[in-house]
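Worksheet: the structure to be examined is printed underneath.
The figures that follow rest on heavy atoms only: side chains count, while hydrogens, waters and symmetry mates do not. One-based numbering along the sequence shown.
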Amino acid sequence: DSAGAVGSSDVVVLLHGFPTSSYDWSKIWEGLTLRFRRVVALDFVGFGFSDKPRPHRYSIFEQASIVEGLLRHLGLHRSGINLVSHDYGDTVAQELLHRSQKPLWDRPPCRVPKKPSPPPPAFMAESEKVGMGGIGFHDNDGLPVSILQYINQRKKHRERWVGALKATSVPLHLIYGPLDPVNPHPEFLQLYKKVLPASTVSVLDDHISHYPQLEDPMGFLNAYLSFIDSF
């Protein structure tokens, strides 16, 4: 959590992917502090320096509630939130979007304005693939590595989470690395544009893969800030 640009009222929250941590944002952190009043990142439970309870039924719903709780703790739950997500964090962002579309809400990532105004933009470093299956592993004690259950959760709740992307009025932007083996080019990009035709897209250099914010931090940052500054 860092204080940033003086005079800016904008807040950005960063949601990391699997199987890493908030360190994924380290190469763009300083650049974000030059643009935003507050830059916030967390390690999801089970990742990085956060607790790793065992056994535990890790879920995307729990992670989304943790993000909401963190923003309330920081006094930011009524601020305009710009959401940046990657990989696993994309699904958490989609759950937050779904919750924000309820008639009575007090949750990020959308604004709770004092007077009517457009909601702030959201961003995804990548989106969800269709029809992902389940993976099962066990640790040395025979306990299921339940953190991987997010893959099954994506499949089970696909209508809820893809539907949130389709239904939201929050502007969406995709920054994409064409060499991404998880979301292969050009099939993924074609599917993304078909499912979310209103979303804007930035395609980075051909050699950029699954971690664009680490592989090409300047290209990533420029693409993101160009999107933010278009509003």
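Proximity of Tyr58 to Val45: side-chain heavy atoms (C-beta onward) are separated by under 4.5 Å at one or more points. A 4.5 Å side-chain heavy-atom check between Leu15 and Val13 finds at least one atom pair inside the cut-off. With contacts defined as side-chain heavy-atom distances shorter than 4.5 Å, the pair Glu68/Arg99 qualifies. Between Ile66 and Gln63, the closest side-chain pair of non-hydrogen atoms falls below 4.5 Å. At a threshold of 4.5 Å between non-hydrogen side-chain atoms, the residues Arg37 and Leu76 count as touching.
Phe227 and Phe231 have perpendicular rings, their planes meeting at more than 60° on a 0 to 90° scale where under 30° would count as parallel. Aromatic ring pairs are classed by plane angle as parallel below 30°, tilted from 30° to 60° and perpendicular above 60°; the pair Phe47 and Tyr88 is tilted.
In terms of modelled atom types and a separation under 3.5 Å, the side chain of Asn82 and the main chain of Val11 share a donor-acceptor contact. Using modelled atom types, one side-chain atom of Asp43 and one backbone atom of Ser22 make a donor-acceptor pair closer than 3.5 Å. A donor-acceptor contact shorter than 3.5 Å is absent between the side chain of Thr168 and the backbone of Ala164. Judged by distance alone, the side chain of Ser65 and the main-chain N or O of Phe61 form a donor-acceptor pair under 3.5 Å. With Asp205 contributing its side chain and His207 its backbone, the two residues share no donor-acceptor pair below 3.5 Å. The main-chain N or O of Phe188 is never found under 3.5 Å from a side-chain atom of Asn183 such that the two would form a donor-acceptor pair. A donor-acceptor distance shorter than 3.5 angstrom exists from the side chain of Gln153 to the backbone of Ile60, with no hydrogens or angles considered.
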Please test Gln213 against Ile175 for side-chain contact (heavy atoms from CB on, under 4.5 Å), starting from the C-alpha separation and ending with a verdict. CA-CA 9 Å; Gln213 70 274 37; Ile175 297 181; over 6 Å; no

Between Leu74 and Arg38, does a side-chain contact (heavy atoms from CB on, under 4.5 Å) hold up when you go through it step by step? CA-CA 11 Å; Leu74 295 175; Arg38 195 87 171 263; 3.9 Å; yes

Let me see the working for Arg57 and Glu62 under salt bridge (Lys or Arg N to Asp or Glu O under 4.0 Å), right down to the final yes or no. CA-CA 9 Å; Arg57 295 182 61 86; Glu62 177 186 41; over 6 Å; no

Where do Leu214 and Phe220 land on the side-chain contact (heavy atoms from CB on, under 4.5 Å) test, with the steps shown first? CA-CA 9 Å; Leu214 292 173; Phe220 182 99; over 6 Å; no

Residue pair Thr91, Tyr150: steps toward the side-chain hydrogen bond (donor to acceptor under 3.5 Å, both in side chains) verdict: CA-CA 9 Å; Thr91 315; Tyr150 82 94; over 6 Å; no

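By the side-chain contact (heavy atoms from CB on, under 4.5 Å) test, Lys156 pairs with no residue at all, sequence neighbours left out. Under the side chain to side chain donor-acceptor pair (under 3.5 Å) criterion, His98 pairs with Arg160, sequence neighbours left out. With sequence neighbours left out, the side chain to side chain donor-acceptor pair (under 3.5 Å) criterion links Asp51 to no other residue. Leu189 pairs by the side-chain contact (heavy atoms from CB on, under 4.5 Å) definition with Leu174, Tyr176, His185, Lys193, Val201, Val203, not counting sequence neighbours. A search for ring-ring contact (aromatic ring centres under 6.0 Å, His included) contacts involving Tyr23 returns nothing, not counting sequence neighbours. Scored by the side-chain contact (heavy atoms from CB on, under 4.5 Å) test, Leu14 finds Val12, Trp25, Trp29, Leu32, Val39, Ala41, Val84 as partners (sequence neighbours excluded). Scored by the side chain to side chain donor-acceptor pair (under 3.5 Å) test, Ser26 finds no partners at all (sequence neighbours excluded). With sequence neighbours excluded, the residues satisfying side-chain contact (heavy atoms from CB on, under 4.5 Å) with Ser209 are Leu179, Pro181, Glu215. Taking Asp216 as the reference, nothing meets the side chain to side chain donor-acceptor pair (under 3.5 Å) condition, with sequence neighbours excluded. Partners of Tyr211 by ring-ring contact (aromatic ring centres under 6.0 Å, His included), not counting sequence neighbours, listed by chain and number: His86.
Residue Glu187 qualifies as enclosed at atom CD: its count of foreign heavy atoms under 6.0 Å is above 12.
Alongside Phe49, the hydrophobic cluster contains no other residue (criterion: ILVMFWY side chains under 4.5 Å).
The distance between the ring centers of Phe44 and His16 falls below 6.0 angstrom. Ring pair Tyr224/His173: centre-to-centre distance not below 6.0 Å.
Nearest heavy-atom pair, Ser21 versus Gly48, reported as atom, atom and distance to 0.1 Å: CB-CA, 3.8 Å. Considering all non-hydrogen atoms of both residues, Ser50 and Lys52 come closest at O-NZ, 2.9 Å.
Residue pairs meeting the salt bridge (Lys or Arg N to Asp or Glu O under 4.0 Å) criterion with at least one partner in residues 221-231, sequence neighbours excluded, are Arg35-Asp229.
Taking hydrophobic clusters as Ile, Leu, Val, Met, Phe, Trp and Tyr residues chained together by side-chain heavy-atom distances below 4.5 Å, Leu196 shares a cluster with Leu97.
With values rounded to the nearest 0.5 angstrom, Gln94 atom CD is found 11.5 Å from Lys166 atom NZ.
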